Amino acid sequence: MSAPTRTADPPAAAGRPESAAPGPAPTTTRRPPGVRLIKSNAGLIISPAIIITGALLLLWNYNRSDRIFQDERALDWERNLRPQLEQHLSITLWSTLFTILIAVPLGIMLTRPGYKRLGGPILAVATSGQAIPAFGLLILAFAWLGRGPWTTIWALTLFTILPVLRNTIVGLEQVNQSVIEAGRGMGLTKSQALREIELPLAVPVILAGIRTALVINVGMAALAYLIGGGGLGATIGAGIQLRRDLVLITGAGMTALVALSVDWIAAIIEKGLRPRGL
Amino acid sequence: MTDHSTADAASTGTTPADAPKTMIRLEGVGKTYPGTTVPAVAELDLEIPEGEILVLVGPSGCGKSTTLRLINRMIEPSSGRIIFDGEDVTKVDPDLLRRRIGYVIQQIGLFPHQTIAQNIGTVPRLQGWDKQKINARVNELLELTGLDPSIYRDRYPKELSGGQAQRVGVARALGADPEVLLMDEPFGAIDPITRDRLQNEFLRLQSELKKTIVFVTHDIDEAIKMGDRIAILGDQSRIAQFDTPERILAYPVDEFVSDFIGSGSTLKGLNFERVRDIELVHDFPVVDVNTPRDEAQRRFDASDEKWMLVLDDQQRPQCWINGTHLADTSKPLDQLGPRVRAKVPPNATLHDALEELLMSNAGQAVVVDEKGRHLGILDVERLADVLKRMRNEAKKHYDELAAQQAALDDVQNDDVHDAEVNA
């Protein structure tokens with residue numbers, strides 16, 4: 001069957017005058033684009049300002065302090081700070097990656113009709129797992145898996161599954177049923193409906209969960225040094241042991257700056273991946 | 001009635017010979033949800049004629065939406081067969097089936113993360129059309145539904161008003177030019193004024209497209225307006241009456257139907273008859289403005305009517321006069337009595353005519369042609385006659401149907417009897 005042909009007097013012409021004129025309902029009042037850009041991105045602009053200010057303060061504090069041999073050695077960039085920073089980031093990224101790889105598919109599965117009833121019990125277990133202090137979990141993992149960065153990574157993965165899992169489930173469940181119904185009614189298969197409708201519409205909520213996990217991970221990675229996992233926590237530990245405020249402050253400050261930076265990057269990604277039209 | 005006879009009645013066709021070909025046939029389609037004994041939809045036989053709008057109407061919870069969703073197998077029927085264009089689709093891949101059937105729901109369900117163009121192009125994309133063809137189709141559909149493609153193509157659903165979104169919903173359902181559209185209360189969530197406009201636009205669209213449409217609503221007025229045929233559904237989607245709106249209004253088969261269509265059904269029936277199709281009153285006293293007074297007086301006296309109609313020299317109705325007016329010789333005839341207000345063209349419905357008639361000074365409406373010339377007079381008695389005729393015709397139709405059915409049952413009983421004898 002071919003496309004319907006139009007007559008000399010298409011209904012469009014008749015319907016257009018009242019119907020197609022941009023009605024009063026849909027459009028919101030437009031502000032100048034600059035104002036809107038700043039308003040909706042305020043968080044993204046303030047964060048780097050804080051990070052840069054913090055970094056300059058740390059540098060200034062380092063330069064004005066009287067440094068002894070131990071300070072120089074503990075804060076040596078090539079020997080300590082850079083490798084620790086790398087470890088810190090790699091713990092954060094790996095644990096977050098594993099969390100995503102486990103929690104997102106699990107969340108998808110638990111919202112499918114066949115497995116829906118498992119959702120409650122699994123979320124309950126995950127929630128009670130969250131009640132264990134992260135530090136305790138780290139020590140437990142150490143007792144089980146021994147020293148090293150991978151122990152930290154697995155402990156953190158386990159610890160941050162909950163926020164991602166919960167947000168994946170909530171994100172998928174809050175998708176308007178009528179949108180899925182319409183899609184299925186047009187002949188989208190179950191997996192097409194999942195990929196093309198449900199997941200894109202759940203993305204903002206899932207990303208918020210991942211960002212929470214990322215922030216938890218970057219903060220907790222500071223404890224990795226306690227079980228031989230490295231990270232910037234090592235400099236904080238050194239500062240405590242040496243009773244050197246400069247080392248302590250620099251280590252703590254850097255940890256905070258890394259956390260802020262990671263969160264900032266995550267916010268940008270979150271914004272970029274958010275589907276338009278929502 | 002035995003199962004045997006129902007199935008047979010459905011296949012031999014109780015519909016009249018002039019009925020169009022059946023696009024979708026439901027044979028004993030029913031749905032009983034697991035764990036319940038009472039079916040949501042009891043076994044249903046239904047023939048949906050090609051190119052017509054069939055409206056399923058019934059009270060809330062009667063299973064009309066469920067019935068609709070059984071057709072595209074959004075709900076899998078637990079019994080019966082669905083025949084789509086001669087093909088049994090009860091067991092085919094439901095996803096492929098649905099791509100051939102447009103589906104519009106009350107909540108519309110536009111994909112909020114996709115542009116209007118992407119939304120409308122959904123089924124063509126699933127069908128594997130190339131980009132250019134999809135683009136052209138999207139523009140065509142937007143124009144067809146009264147939306148300017150250059151404005152709306154790249155907008156997102158949240159930027160549309162309710163009426164515009166519903167238009168897009170219809171355009172999307174028409175995406176790959178399906179032969180059949182299923183519409184579940186499509187205009188239910190829209191304000192009355194916009195709804196009326198959308199209904200009219202949709203009817204105009206349908207007069208061009210001639211799709212086979214199954215339309216669900218709980219609103220009998222919408223059913224009467226939209227339906228070529230109406231199925232009034234009772235509990236568990238049992239068909240209480242299945243017929244044209246005219247006949248249902250003229251002759252509700254039982255109390256359930258007459259309760260459901262409510263009071264005023266007779267008046268609603270007047271919407272289906274046009275002034276040109278009925279016999280007008282021609283012996284009403286009429287004079288034109290140049291008629292001498294004594295001739296006018298003579299004609300007035302010769303008739304039983306209380307009023308007389310005055311025309312101008314172009315045969316256009318001017319005013320109503322009575323005996324008192326005639327006695328007044330100070331003014332010409334056409335300036336004596338009250339002006340003629342109630343004028344109806346021949347293509348007006350009787351409902352419009354009645355309204356004019358009630359507003360009229362003389363209790364009559366004047367039927368005029370397109371140049372405003374007098375064709376005849378319409379009065380209340382004429383309308384009452386029409387209503388009586390419609391009712392009688394519908395009753396005759398049902399009596400004939402009953403007779404046919406009885407004859408069919410007789411044949412069946414004979415068959416059964418023969419079978420018993422042979423055994």
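Here is the naming used below: chain letters follow the sequence lines, and residue numbers restart at 1 for every chain. Because the structure is predicted, anything quoted here is derived from the model rather than measured.
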Check: chain B heavy atoms under 4.5 Å from A:Glu196: which part of the residue, side chain, backbone, both or neither?
Finding: both
Note to self: Working to the nearest 0.5 angstrom, can you tell me the gap between B:Leu96 CG and A:Thr189 OG1?
What the structure shows: 9.5 Å
Margin query: Between B:Ile108 and chain A, with a heavy-atom cut-off of 4.5 Å, which part of the residue counts as in contact: side chain, backbone, both or neither?
Written below: backbone
Next item on the list: Measure A:Leu201 against the heavy atoms of chain B and call it side chain, backbone, both or neither at under 4.5 Å.
Entry: side chain
Note to self: So which residue, A:Ser178, A:Ala182, A:Gly187, ends up with the most heavy-atom pairs under 4.5 Å with chain B?
What the structure shows: A:Gly187
Notebook entry, point to check: In terms of heavy-atom proximity below 4.5 Å to chain A, should B:Arg100 be classed as side chain, backbone, both, or neither?
Noted result: neither
Notebook entry, point to check: Do B:Leu126 and A:Gln192 have side chains that get closer than 4.5 Å, going by heavy atoms?
Noted result: yes
Notebook entry, point to check: Got more than 12 heavy atoms from elsewhere within 6.0 Å of CH2, A:Trp264?
Noted result: no
Next item on the list: Determine, stepwise, if the pair B:Met74 / A:Arg184 fulfils side chain to side chain contact (heavy atoms under 4.5 Å, CB included).
Entry: CA-CA 8 Å; B:Met74 290 292 281; A:Arg184 297 279 286 135; 3.9 Å; yes
Next item on the list: State, to 0.1 Å, how close A:Gly185 and B:Asn72 come at their nearest heavy-atom pair, and which atoms those are.
Entry: O-ND2, 4.1 Å
Check: Are more than 12 heavy atoms from other residues, nucleotides or ligands located less than 6.0 Å from atom CD of B:Glu76?
Finding: yes
Checklist line | B:His113 (side chain) donor-acceptor with A:Arg274 (main chain) under 3.5 angstrom | finding: no
Note to self: Under the criterion side chain to side chain contact (heavy atoms under 4.5 Å, CB included), I'd like the reasoning laid out for A:Lys190 against B:Asp95: C-alpha separation, chi angles, the key distance, then a yes or no.
What the structure shows: CA-CA 9 Å; A:Lys190 276 182 187 157; B:Asp95 295 319; over 6 Å; no
Check: Which answer fits B:Leu174, side chain, backbone, both or neither, if we ask what part of it has an atom under 4.5 Å from a heavy atom of chain A?
Finding: neither
Check: Side chain, backbone, both or neither: which part of A:Leu188 has a heavy atom under 4.5 Å from chain B?
Finding: both
Notebook entry, point to check: Does any heavy atom of chain A fall under 4.5 Å from the side chain of B:Ile101, the backbone, both, or neither of them?
Noted result: backbone
Margin query: Rounded at 0.5 Å granularity, tell me how far CD in B:Gln106 sits from CD in A:Glu181.
Written below: 11.5 Å
